[in-house]
2 protein chains.
Amino acid sequence: MCPAGSSRWCPTPEQVMILEEMYRSGVKTPNATQIQQITSHLSFYGKIEGKNVFYWFQNHKARERQKLRRKLTKQLQLQQQQLFHHYFDSLPSPAFQHHSYYNSPPPFPQVT
Amino acid sequence: MCPAGSSRWCPTPEQVMILEEMYRSGVKTPNATQIQQITSHLSFYGKIEGKNVFYWFQNHKARERQKLRRKLTKQLQLQQQQLFHHYFDSLPSPAFQHHSYYNSPPPFPQVT
DNA sequence: GCAAATTAATGATTTATTCAAG
DNA sequence: CTTGAATAAATCATTAATTTGC
């Protein structure tokens, strides 16, 4: 995990939490000034440098995109299977939009 | 327990145990195929549909996260208080007001 | 002990995001 | 800038635990 004499930065849970909150709040690629401010704020929770913050945002943004791309790729690969299961599933997934227009109580196709 | 004409799925203890075990084993957001497999496996222990499995994983994941988040938030609040008492230098609240991001839609000035 | 009342868990819906494609 | 696809967050609604007065 995070050895005492670790050669690289190990964010504390608090630091991660705050960074993620900032990311969600719209800080995607902070500029130098923002990075400095963030760094001094987060240094309360543990050792941290500006470059750590810089890298964190770079990596986080990249990995979020990666995640999405992988998901989409997987989907494509699964399309065949999904087609096959189409007639057998009672699935809402994925990202089901049940626009319950008017009350159609069984929200899903139910092809059991 | 589970009323006869219940309007919603009531998992049996066996089903819950297996679902939790799967979750611990790394199944966090199963895709349609996995959901179907899980469903047919669990249907041995009682009535169950794909959408129940889908919802269960969504809810379980969200609520695990919630638990962690609450814990960290508590810690943060404690530390903030301690900090405030110790130095009552009031953390100059830099550029990033993380205004709990579900408040105002345009999230951030975006100085990119 | 036992229900009615109240609170906590949790299944099911809706709403707000995210990234990327067009 | 808008939209599609997928999700995660927030919320609603019902079931289970529990508390309370008798």
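Each chain gets a letter, A, B and so on, in the order its sequence line appears, and its residues count up from 1.
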Phosphate OP1/OP2 of C:dA12: any B:Ser7 side-chain N/O under 4.0 Å: no
Which atom names give the shortest non-hydrogen contact between B:Pro30 and B:Ile38, and what distance separates them? CB-CD1, 4.4 Å
With respect to the phosphate group of C:dG11, does any side-chain polar atom (N or O) of B:Asn52 fall under 4.0 Å of OP1 or OP2? no
Pick base, sugar-phosphate or nothing for A:Tyr23, based on heavy-atom distances below 4.0 Å to the nucleic acid. sugar-phosphate
Residue B:Lys28 excluded, over 12 heavy atoms near NZ under 6.0 Å: yes
Measuring only between side-chain heavy atoms, which start at C-beta, is A:Glu49 closer than 4.5 Å to A:Asn52? yes
Shortest non-hydrogen contact from A:Asn31 toward A:Gln34: OD1-N, 2.8 Å
Under 3.5 Å, which donor-acceptor pairs do the side chains of residues 20-27 of chain B form with other protein atoms, sequence neighbours left out?
unit_1: B:Glu21; atom_1: OE1; unit_2: B:Arg24; atom_2: NH2; d: 3.1
unit_1: B:Ser25; atom_1: OG; unit_2: B:Glu21; atom_2: O; d: 2.8

Contact nearer the 5' end of DNA chain D, comparing B:Gln66 with B:Arg8: B:Gln66
Using atom CG of B:Asn31 as one end and atom C1' of D:dT7 as the other, report the distance to the nearest whole Å. 14 Å
Please report, rounded to the nearest Å, how far the P atom of D:dT7 is from the CG atom of A:Leu68. 9 Å
Quick one: side chains of residues 55-62 of chain A, donor-acceptor pairs under 3.5 Å with protein atoms, not counting sequence neighbours, listed by atom name and distance.
unit_1: A:Asn59; atom_1: ND2; unit_2: A:Tyr55; atom_2: O; d: 3.2

Please, what dot-bracket string fits DNA chain D when only Watson-Crick and G-U pairs with both distances under 3.5 Å count, crossing ones use [ ] and pairs to another strand use |? ||||||||||||||||||||||
Phosphate-side-chain proximity, A:Arg65 and C:dA20, N/O vs OP1/OP2 below 4.0 Å: yes
Tell me whether the OP1 or OP2 atom of C:dT13 has a side-chain N or O from B:Tyr55 closer than 4.0 Å. yes
Within the structure, does a side-chain N or O atom of A:Arg69 lie under 4.0 Å from either OP1 or OP2 of C:dA20? yes
Can you tell me whether the side chain of B:Asn59 and the base of C:dA12 have a donor-acceptor pair closer than 3.5 Å? yes
Quick one: closest heavy-atom pair of B:Thr39 and B:Gly50, and the distance? OG1-CA, 3.4 Å
Below 4.0 Å: OP1/OP2 of D:dT15 and any side-chain N or O of B:Ser6: yes
